[in-house]
Peer 1: 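The structure that follows is given in the form of structure tokens.
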Amino acid sequence: AQQGRVREKAYGKQKIYFADQEQLPAASDAELRGLDGEIAALSATVQAQQQSCRQMEAELKDLNSSMTTPELAREIEQLRKDCASYMEKLERIKSAANHVTPEEKEKVCSEQKLYCKEWRRRKRMATELLDAILEGYPKSKKQFFEEVGIETDEDHNVTLPAAV
């Protein structure tokens, strides 16, 4: 600062030193325009490089997330084994001699419907009878069931099958 190469400014207790710009050569307008053009060209180059880098990073991410050739070969082999086992299972099912005829199936389904209908009817009758008894019973429904020894479907988590 004493030699005049840098300048000093005091702000309270702080001092700031900076280059003395009066000693630097002044740039002409043509030089400034040339530098501005160079800055613009370099900025465009930087943007193009950044865009190229983003595209390459996206491509790298895609490639890293996809399977390699050996992994793909193992996957194909596993799928072929699965397919062969399913085909074998299908052939066993097709060649089985214990098929259920449509008549037998219909008979079983109709019996199930009949038994479910009867179950519902009997449950409704029992519920109506118990409700009639409980009208004059001084204790709760739960206490009555316990004294008499009645077990409900709900006690055993049993539900009627859906009507088919």
Peer 1: How long is the gap from CZ on Arg74 to OG1 on Thr69, to the nearest 0.5 Å?
Peer 2: 10.5 Å
Peer 1: Between Glu57 and Arg54 (salt bridge meaning N to carboxylate O under 4.0 Å), is one present in this structure?
Peer 2: no
Peer 1: Determine whether Ile150 and Met125 fall in the same hydrophobic cluster, where Ile, Leu, Val, Met, Phe, Trp and Tyr are linked whenever their side-chain heavy atoms lie under 4.5 Å apart.
Peer 2: no
Peer 1: Look only at the side chain of Gln14 and the backbone of Tyr11, and say whether a donor-acceptor pair between them is shorter than 3.5 Å.
Peer 2: no
Peer 1: How about CD on Gln21, more than 12 heavy atoms from neighbouring residues, nucleotides or ligands closer than 6.0 Å, or not?
Peer 2: no
Peer 1: Is it true that the side chains of Asp155 and Thr152 contain a donor and an acceptor less than 3.5 Å apart?
Peer 2: yes
Peer 1: Flag the pair Arg92 and Glu88 as a salt bridge only when some basic side-chain nitrogen lies within less than 4.0 angstrom of an acidic carboxylate oxygen.
Peer 2: yes
Peer 1: Is it the case that more than 12 heavy atoms not belonging to Glu59 sit under 6.0 Å from its CD atom?
Peer 2: no
Peer 1: In terms of hydrophobic clustering (I, L, V, M, F, W, Y; side-chain heavy atoms under 4.5 Å; direct or indirect links), are Tyr137 and Val148 co-clustered?
Peer 2: yes
Peer 1: Would you call Glu154-Lys142 a salt bridge at under 4.0 Å N-O?
Peer 2: no
Peer 1: Hey, what do you get for CD (Glu77) to CG (Asp82), rounding to the nearest 0.5 Å?
Peer 2: 10.5 Å
Peer 1: Has Lys123 got more than 12 heavy atoms of other residues, nucleotides or ligands less than 6.0 Å from its NZ?
Peer 2: yes
Peer 1: State whether the side chain of Ser65 and the backbone N or O of Lys61 hold a donor-acceptor pair below 3.5 Å, judged by distance alone.
Peer 2: yes
Peer 1: Measuring from atom CE of Met87 to atom CG of Leu90, what distance do you get when rounded to the nearest 0.5 angstrom?
Peer 2: 6.0 Å
Peer 1: Output all residues satisfying side-chain contact (heavy atoms from CB on, under 4.5 Å) with Ser43, sequence neighbours left out; order by chain, then residue number.
Peer 2: Ile39
Peer 1: Is the number of heavy atoms from other residues, nucleotides or ligands under 6.0 Å of Glu8 CD greater than 12?
Peer 2: yes
Peer 1: If you round to the nearest 0.5 Å, how far is CZ of Phe145 from CG of Leu130?
Peer 2: 4.5 Å
Peer 1: Below 4.5 Å, heavy atoms only, C-beta onward: do Asp131 and Glu135 meet side chain to side chain?
Peer 2: no
Peer 1: Shortest non-hydrogen contact from Thr159 to Trp119?
Peer 2: O-CH2, 4.0 Å
Peer 1: So Leu42 and Glu38, side-chain contact (heavy atoms from CB on, under 4.5 Å) or not? Walk me through it.
Peer 2: CA-CA 6 Å; Leu42 290 174; Glu38 189 177 331; 4.2 Å; yes
Peer 1: Around Tyr86, counting heavy atoms of other residues, nucleotides and ligands shown, do more than 12 lie under 6.0 Å from its OH?
Peer 2: no
Peer 1: Would you give the length of the straight line joining atom CZ of Arg7 to atom CG of Asp20, rounded to the nearest 0.5 angstrom?
Peer 2: 5.0 Å
Peer 1: Are Glu118 and Leu114 close enough that some pair of their side-chain heavy atoms sits under 4.5 Å apart?
Peer 2: no
Peer 1: Once you round to the nearest 0.5 Å, how far does CZ of Arg33 lie from CD of Glu31?
Peer 2: 10.5 Å
